[in-house]
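Computed from a prediction, not measured in an experiment: that's the story for all the values here. Just follow the structure's listing: the first ligand is 1, and inside any ligand the first atom is 1. All heavy atoms count here, side chains included; hydrogens, waters and symmetry mates do not.
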Amino acid sequence: MRIACDGRLRLAGLGLLLSVLPAEAATIEVTIEKLEIRPAVVSATVGDTIRWVNKDIMVHTATADGRFDVVIQPRQSASTVVTKAGVVDYYCRFHPNMRARLEVAE
Ligand SMILES: [Cu+2]
């Protein structure tokens, strides 16, 4: 009986959590490989998570002046949540030729 009780509590907790999160919040994966960011343009909605996966053996950043500066270690991933709508151009601080864009909708 105790297990059944815990299950109900957990479900109630999950329902509460879901009700405060935007329904459409998603994680969008962007790959960095051979000093290239792909896809170069992604569409997102405020509240979404952008997750960069660095497949290279060198460190990269996803840097948008005044917005975010995410360091992505070699062979690892890192993420940020987009909090404002608009077109965001970002680049890598170590390799300024690496550029990409987020198009963030309200
Ligand atoms: Cu880089």
Problem - Contacts of D69 that satisfy side-chain hydrogen bond (donor to acceptor under 3.5 Å, both in side chains) - sequence neighbours left out - result: T63, R93
Problem - R75 side chain vs K55 backbone, donor-acceptor pair below 3.5 Å - result: yes
Practice task
Work out which heavy atom in G47 is nearest to a heavy atom in A25; give both atom names and the distance.
Solution key: O-CB, 4.0 Å
Practice task
State whether E36 and R38 are salt-bridged, where the test is any N-O pair (Lys NZ or Arg NE/NH1/NH2 against Asp/Glu carboxylate O) under 4.0 Å.
Solution key: yes
Handout entry: Residue and atom names of protein N/O/S atoms that fall under 2.8 Å from the Cu ion (ligand 1)
Key = H60 ND1, C92 SG, H95 ND1
Practice task
Using the six-membered ring wherever Trp is involved, compare the ring planes of W52 and F68 and label them parallel, tilted or perpendicular (cut-offs 30° and 60°).
Solution key: tilted
Handout entry: Q76 side, atom CD; D56 side, atom CG - distance, nearest 0.5 Å
Key = 13.0 Å
